[in-house]
Amino acid sequence: MDPKTKDLWVFIETNEDGTAKNVGAELLNPGKDIATKQGGKLVGIVIGYKADAAVKTAVEHGADSVIVVDGPEYQHYTTDAYVTAMYHLVEKFAPTSILIGATNSGRDMGPRLSCRLRTGLTADCTQLAYDEESGNVAWTRPAFGGNLMATILCPNNRPQIGTVRPGVFKRGEADEKRTAEIIKEDFHVAPEDIRTEFLEVIKEAAGDIVDLEGAEIIVSGGRGVGGPEGFKPIKELADVLGGVVGASRAAVDSDWIAHSHQVGQTGKTVGPKLYIACGISGAIQHLAGMSGSKTIIAINKDETAPIFNVADYGVVGDLFEILPVLTAEIKKMKGIN
Amino acid sequence: MNILVCVKQVPDTTEIRIDPEKHTLIRDGVPSIVNPFDGYALECAARIKDKDPSTKITVVSMGPPQAMTALKECLSVGGDKAYLVSGREFGGSDTLATSYILSCAVKKLEELEGKFDIIFCGKQAIDGDTAQVGPEIAEHLGYPQVTYALEAFDEGNGKLKVKKELEDGCEMIAIKTPCVITVTKPSWDPRYPSIKSKMAANRAEIPTIGFADLTGIDPERVGLKGSPTKVKKTFTPPVKSGGIKIQEETGADTANALFKKLVADGIV
Ligand SMILES: Cc1cc2nc3c(=O)[nH]c(=O)nc-3n(C[C@H](O)[C@H](O)[C@H](O)COP(=O)(O)OP(=O)(O)OC[C@H]3O[C@@H](n4cnc5c(N)ncnc54)[C@H](O)[C@@H]3O)c2cc1C
Ligand SMILES: Nc1ncnc2c1ncn2[C@@H]1O[C@H](COP(=O)(O)O)[C@@H](O)[C@H]1O
């Protein structure tokens, strides 16, 4: 399609309570830069139910305007409702570029939307730039489990769309005094056009629920923890740091911890501020899921373990000797007993 | 149930090496495997078949003739029939073009195998990691979809229940057939082949479907021409440097040294 505008859109994904997921505010930062270089506005797109809080987040984090589609059918994400609404908005307002957070919902919606628009989508980007020479967004993403990076352009189709990994960009400070134009678009999707039905949340055993993708601190255990009890010191460190527990596939396959904790190519891709790998060798499939972490601490007995190649702090030693002391020191510092 | 499973043959990423001078991927001599997520998708189909033996599972792959090996592997662990979609015209396709070709192939396969109730894909292929082809096939065909599925249950009367993984848990979704389901890693492993099933798979005929077999396919929408995304460059990620090593006489000393360093650097 022919873009009528030079605008860049950031999809502000909402939670069921109408607040915004983190990744939307994160993307407004690089979005602003590219929108300016494109010569267009930065527009936040909010789809949700009673989503005023998400609109506010978009305004406070730099959107020049916000387009809102609000209705009960958007409270719980469904492919049909969201793709239909997004398609409508794109047809009507014609942006040049769209950034979507690479969450489960974002990666469900992105390809369907781009396919309906017959345009290109670059998935799961970790770097964004504007290619001055060709006037396109330069989307950079890992491939082959993080062994290779590829920069991709979508030169002949508009809008150009990308999903961007949460946690890669920093969320800016909120400016409560900012104002922006709010465009309310009254658009609804009929119930019969939503072809999936949400039945229930499945209750997992308490320890099986973990939000690794959204976590700022992850302490992971691998085969080196030796058994299910070996996760105890891991959990204790995670708790004092306010983080969550991750695992390598070797630990998951041994049934020491639930699969929902697995980090890596066939597990979750994470980007926390701090990743502490304990008793993990650093196989390429594990690195694929965590090498984007800001700071990495590796604790391993074997100083030749490949995990040390990506570690900022390579700690050589026995995790069972090191973790309890470290946890105790941090507790002391924080005044926890 | 009449099920189609889309599988891709991918290089085994465990075996990938980087050329230290050219900073490119060395793919020569790297063994190929069935994309692991596609193995989970096939296992999902096989589990439906375990409960309802009248289920038929067809497996399709688009790729060069070597992909036959991957298809044979699938035939040994649950697939009943396999087809290879292959042709020079298809080379250079990005996900939009690939999904278009596969959706045309679905129509052709339905002439041969009957209408499919479920099309299973893997969540993503581990070479590109895009997770786009499944939802795009659904869009080309106009079908509903569930992504990140862990298991699918046949409820009868063209209804399915699908357990879907979320960032922070799971949910159960109802969906009607025909539909597309993309499968992520469940807690179980796919079944192993038996010697007998391996031998039968080796003997199986795998027909190839070429460009000319796909009636009505638009040549403008396949291959490089039909691909809106273009790779500008590839490079190896910069090796992290500046990492420090911490190792003292005892574990406790090491822990203390680490703690001091983390505090000094503002990490904790
Ligand atoms: C297709 C495919 C997909 C895969 N996907 C994933 C994935 O998503 N995630 C993943 O993690 N793996 C994945 N793997 C598996 C991966 O290749 C490795 O097998 C796995 O990551 C190894 O886990 P590990 O590091 O815990 O175990 P190991 O490689 O056995 O390493 C254990 C480490 O612990 C150290 N150690 C032992 N005892 C101690 C101690 N007391 N103190 C300190 N250190 C100790 C050892 O020195 C060793 O380095 C995949 C593999 C394939 C083929
Ligand atoms: N060439 C192909 N042939 C058959 N199926 C494919 C092909 N490419 C992708 N798929 C399917 O689409 C899924 C997602 O692939 P991708 O979008 O490349 O990550 C895979 O897990 C396969 O099920």
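Lettering of chains follows the sequences in order, A, B, ..., and the numbering in each one begins at 1.
When each of B/K164, B/E171, B/Q124, B/K161 is scored by its heavy-atom pairs under 4.5 Å with chain A, the top score falls to B/E171. For the set B/T182, B/V10, B/I246, the entry with the most heavy-atom pairs within less than 4.5 Å of chain A is B/I246. Top candidate by heavy-atom pairs under 4.5 Å with chain A, chosen from B/D127, B/D129, B/T147, B/V162, is B/D127. Looking only at heavy-atom pairs under 4.5 Å with chain A, the residue among B/E167, B/R221, B/K233, B/K176 that has the most is B/E167. Taking chain A as the reference chain and counting heavy-atom pairs below 4.5 Å, the highest number among B/I175, B/I126, B/D189 is found for B/I126.
With A/E329 contributing its side chain and B/N256 its backbone, the two residues share no donor-acceptor pair below 3.5 Å. Side-chain atoms of A/D318 never come within 3.5 Å of backbone atoms of B/G251 as a donor-acceptor pair (strictly under, hydrogens ignored). A donor-acceptor pair is defined here as one N or O able to donate and one able to accept, closer than 3.5 Å; such a pair exists between the side chain of B/Q145 and the backbone of A/D108.
Residues of residues 136-144 of chain B having a heavy atom under 4.5 Å from any heavy atom of chain A, listed by number: B/E136, B/A138, B/E139, B/H140, B/G142, B/Y143, B/P144.
Contact of A/I194 with chain B is not made at all, since no heavy-atom distance falls under 4.5 Å. Contact annotation for A/R118: both backbone and side-chain heavy atoms come within less than 4.5 Å of a heavy atom of chain B. At a 4.5 Å heavy-atom cutoff, the contact between A/L153 and chain B is made by backbone and side-chain atoms alike.
With sequence neighbours left out, the side chain to side chain donor-acceptor pair (under 3.5 Å) criterion links B/E151 to no other residue. Under the rule for a ring-ring contact (aromatic ring centres under 6.0 Å, His included), B/F120 has no partner lying at least two apart in sequence or in another chain.
Within the 4.5 Å cutoff, no side-chain heavy atoms of A/W139 are placed close to those of B/T229. A/E197 places none of its side-chain heavy atoms less than 4.5 Å from the side chain of B/K159. No side-chain heavy atom of A/E321 sits under 4.5 Å from any side-chain heavy atom of B/T250.
Taking CZ of A/R107 as the start and NZ of B/K123 as the end, the distance is 6.5 Å to the nearest 0.5 Å.
At most 12 heavy atoms of other shown residues, nucleotides or ligands fall within 6.0 angstrom of atom CD in A/E133.
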Donor-acceptor pairs under 3.5 angstrom involving side-chain atoms of residues 258-268 of chain B: please list them, not counting sequence neighbours.
residue: B/K261; atom: NZ; partner: B/D265; partner atom: OD1; Å: 3.4
residue: B/D265; atom: OD2; partner: A/Y313; partner atom: OH; Å: 2.4

